[in-house]
Asker: 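What follows is a structure written as structure tokens; I'll ask about it next.
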Amino acid sequence: MDMETEMEERSVHLGASEPSQITMAACFKVSLQLPCNHLQPPGPPPNPLVRVRCALSKQGHRFLTSLSNNGAADDTSVSNRLIRKFVQSSSKSISLNALSHLLSPQTSHPHLSSLAFPLYLKISEATWFDWNPKLVAYLIALLDKRGQMDQAQILMSDAVSKLQLQERDLALFYCNLIDSHSKHRSKPGLFDSYTRLKLLMSSSSSVYVKHRAFEAMMSGLCAMDLPFEAENLMEEMRDLALKPSVFEFRSVIYAYGRLGLLNDMKRCLNLMESDGFGLDTVCSNMILTSFGAHDELSEMVLWLRRIRNSGVGLSIRTYNSALKSCPTITKLLQDLKSVPTTIHELMDNLQGDEGLLVQELIGSSVLEDAMEWNSLEGKLDLHGMHLGSAYLIMLQWREELQSRFKDGNCIVPAEITVVCGMGKHSAVRGESPMKRLIKQMMIQMKCPMRFDRNNVGCFVAKGRALKDWLGSSNAFC
């Protein structure tokens, strides 16, 4: 969900001096020694409900595969041996990368989540290890979700002891706990951290601590689908002479939208604007996504018009949010061999609000932002686009080429490239849907572009074949 990704990008700013991710380049401060001989991690693995990504290294993948193949999750002696061997033979970044992967709520190895704590303990013995409160917060949340309360309490007590004389750092630790519990969808854990943070905030004279606390508490409540409670916190902020930021408003607006409480979403949007925050692309995309998730296509059209009239720019995420709500386009893309290859043909297949929505999109500057054009190269970059977005952008690109070359005065680049990626992030095995779509469109347009031998994620064309195609009726018929 793209809007959730945008909110996550903002939520990591809970501490200005802390690392933005729990992955691999974390800086730690104090060595940690914990007893581990009696701690056997019981319970089922967590349910990966929230998208928190951690790209797994090749060495980490081999390590987790060996754990799976040897049944290490059920055999402590086997897991200890493999973990010890891995940490001893791996660098700091690789070891922490594997741990981060196990801590992620969306790990691809949920059956191994019970080994996150033993792996952490072994890592803590390494000479390069430094203690990091954010990493500990993510581990506590996982242990809490698995019901491993003794281990979680050991880590919690140790962290509070280390940070109790550093008010800001302790507050940020509780902020990270709220964030990590919300990602694991754990209400008990979230409310425990919420209570701790609110007590700390109430006794603090630091405006920074109060702002960060409110930000984290509201973000956590919204992530747990409690926007009314989060909105009440905004009133508490005002009582303390603190002004809610645009981030707090976005959190509440999007939470209402996700739940289908669209009138409350609009009401909160009006409150945000009356507080002096103008509409921006991020908030606009959240609202558009909310309308689309609840099949309010007519509202989406009106909203796109409002965005255009207000001067707010559209983005790739706007395309993604809007087009995934168009059932006709989704259906057309199921049969790539007969998919329309001009905007005119596409519009003939669309009726009512779908047609109006597409018209609003193609009048934006998103295509221009995705293109580069000079004497050396003409490039169209489809990274970040969903299938429907890439399809519409390709149709717009074709019309743009027609416009540039119909008079014969446009300089032909030495090479034209369409970047569609190699499908590494596709959930589909084999050739990615994006590559299949672009390949089929090239065939139907009789375009000479072919897979780049040096980069199979690109289509390229150059030389006489390219110039002949650009100057022929085949290119734009």
Side-chain angles (χ1 to χ4, degrees), residues 2 285 288-289 291-293 295-305 307-308 313-371 378-406 416 418-421 432-449 459 469-470 472-477:
D2 293 317
N285 287 347
L288 190 67
T289 295
F291 284 137
D295 299 322
E296 296 284 351
L297 261 68
S298 59
E299 290 277 13
M300 294 177 74
V301 173
L302 294 175
W303 185 252
L304 283 171
R305 288 174 180 168
I307 295 174
R308 181 192 63 193
L314 304 190
S315 68
I316 290 172
R317 285 195 171 106
T318 312
Y319 268 60
N320 291 343
S321 300
L323 293 172
K324 70 181 181 182
S325 302
C326 294
T328 302
I329 292 180
T330 301
K331 184 177 180 180
L332 287 172
L333 292 175
Q334 292 175 357
D335 183 8
L336 298 182
K337 292 185 178 180
S338 60
V339 69
T341 55
T342 68
I343 290 180
H344 178 74
E345 292 174 358
L346 173 62
M347 297 303 293
D348 285 343
N349 284 271
L350 302 179
Q351 296 181 353
D353 291 327
E354 283 189 86
L356 295 174
L357 187 147
V358 169
Q359 286 179 350
E360 292 297 328
L361 291 176
I362 61 179
S364 72
S365 63
V366 174
L367 172 65
E368 181 180 344
D369 296 337
M371 283 184 63
K379 179 187 290 185
L380 177 66
D381 192 344
L382 303 179
H383 274 118
M385 299 184 191
H386 292 178
L387 201 62
S389 302
Y391 169 62
L392 182 56
I393 287 291
M394 281 293 294
L395 298 186
Q396 291 182 248
W397 180 71
R398 181 178 183 175
E399 283 206 351
E400 177 66 16
L401 290 184
Q402 182 178 19
S403 174
R404 294 188 181 209
F405 287 97
K406 66 180 180 180
I416 289 184
V418 174
V419 183
C420 60
S432 73
M434 177 79 74
K435 289 174 68 175
R436 287 202 303 271
L437 169 65
I438 305 306
K439 179 180 178 180
Q440 190 60 42
M441 292 184 74
M442 295 298 180
I443 292 173
Q444 290 183 236
M445 292 188 295
K446 300 179 181 179
C447 178
M449 302 190 77
F459 289 81
W469 179 74
L470 289 172
S472 72
S473 58
N474 289 333
F476 312 114
C477 62

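In what follows, every heavy atom counts, from backbone to side chain, and hydrogens, waters and symmetry copies are set aside.
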Asker: State, with a plain yes or no, whether a side-chain heavy atom of Ile329 is found less than 4.5 Å away from one of Asn349.
Answerer: no
Asker: How far apart are the closest heavy atoms of Glu360 and Leu314, and which atoms are they?
Answerer: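 Closest pair (atom of Glu360, atom of Leu314, distance): O-CD1, 4.4 Å.
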Asker: Does Leu361 offer a backbone N or O that forms a donor-acceptor pair with the side chain of Ser364 under 3.5 Å?
Answerer: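 The answer is yes, because a donor-acceptor pair under 3.5 Å joins these two groups.
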Asker: So, taking the atom named CD in Gln351 and the one named CG in Leu356, what distance separates them when rounded to the nearest 0.5 Å?
Answerer: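 Interatomic distance, Gln351 CD to Leu356 CG, rounded to 0.5 Å: 11.5 Å.
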Asker: Is it true that a side-chain atom of Ser365 and a backbone atom of Glu368 form a donor plus acceptor pair closer than 3.5 Å?
Answerer: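 Absent.
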Asker: Just so I know, are the side chains of Lys439 and Phe459 near enough to count as touching, which here means a heavy-atom distance under 4.5 Å?
Answerer: yes
Asker: Considering only heavy atoms from C-beta outward, does the side chain of Lys324 approach that of Thr330 to under 4.5 Å?
Answerer: no
Asker: Could you check if a side-chain atom of Leu387 sits within less than 4.5 angstrom of a side-chain atom of Leu323, using non-hydrogen atoms only?
Answerer: no
Asker: Any idea which heavy atoms bring Met442 and Met449 closest together, and the distance?
Answerer: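 Here Met442 and Met449 meet closest at CE-SD, 3.5 Å.
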Asker: Does the side chain of Leu367 reach to within under 4.5 Å of the side chain of Glu400, using non-hydrogen atoms?
Answerer: yes
Asker: Under a 3.5 Å distance rule, please check whether Asn320 uses its side chain to pair with a backbone N or O of His386 as donor and acceptor.
Answerer: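 Side chain of Asn320 to backbone of His386, a donor-acceptor pair under 3.5 Å: yes, one is there.
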Asker: Check the pair Cys326, Leu357 against side chain to side chain contact (heavy atoms under 4.5 Å, CB included), reporting the backbone distance first and the verdict last.
Answerer: CA-CA 9 Å; Cys326 294; Leu357 187 147; 3.9 Å; yes
Asker: Enter the distance from Ile362:CD1 to Glu399:CD here, rounded to the nearest 0.5 Å.
Answerer: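 If I round to the nearest 0.5 Å, the distance is 7.0 Å.
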Asker: What are the two closest heavy atoms between Gln444 and Leu336, and how far apart are they?
Answerer: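 Taking every non-hydrogen atom into account, OE1-O, 2.9 Å.
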Asker: Do Asp381 and Val418 touch side chain to side chain, with heavy atoms closer than 4.5 Å?
Answerer: no
Asker: Can you name the nearest heavy-atom pair linking Met300 to Gly292, along with the distance?
Answerer: SD-CA, 3.4 Å
Asker: Are any side-chain N or O atoms of Tyr391 and backbone N or O atoms of Pro340, one a donor and one an acceptor, separated by less than 3.5 Å?
Answerer: yes
Asker: Distance from Leu382 atom CG to Trp397 atom CH2, nearest 0.5 Å?
Answerer: 9.0 Å
Asker: How close do Gly355 and Met347 get, heavy atom to heavy atom, and via which atoms?
Answerer: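 Taking every non-hydrogen atom into account, O-CE, 3.4 Å.
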Asker: If I take atom CD from residue Glu354 and atom OG1 from residue Thr328, how far apart are they, to the nearest 0.5 angstrom?
Answerer: 3.5 Å
Asker: When rounded to the nearest 0.5 angstrom, what is the spacing between CD1 in Ile316 and CE in Met385?
Answerer: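 Rounded to the nearest 0.5 Å, the CD1-CE separation comes out at 4.0 Å.
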Asker: Once you round to the nearest 0.5 Å, how far does CD of Gln440 lie from CG of Leu333?
Answerer: 12.0 Å
Asker: Is there a side chain to side chain contact (heavy atoms under 4.5 Å, CB included) between Thr342 and Arg398 once you walk through the steps?
Answerer: CA-CA 8 Å; Thr342 68; Arg398 181 178 183 175; 3.8 Å; yes
Asker: Would you say the side chain of Asn285 lies within less than 4.5 Å of the side chain of Ser315, judging by non-hydrogen atoms?
Answerer: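 Ser315 vs Asn285: side chains touch.
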Asker: Work out which heavy atom in Leu288 is nearest to a heavy atom in Ser321; give both atom names and the distance.
Answerer: CD2-CB, 4.2 Å
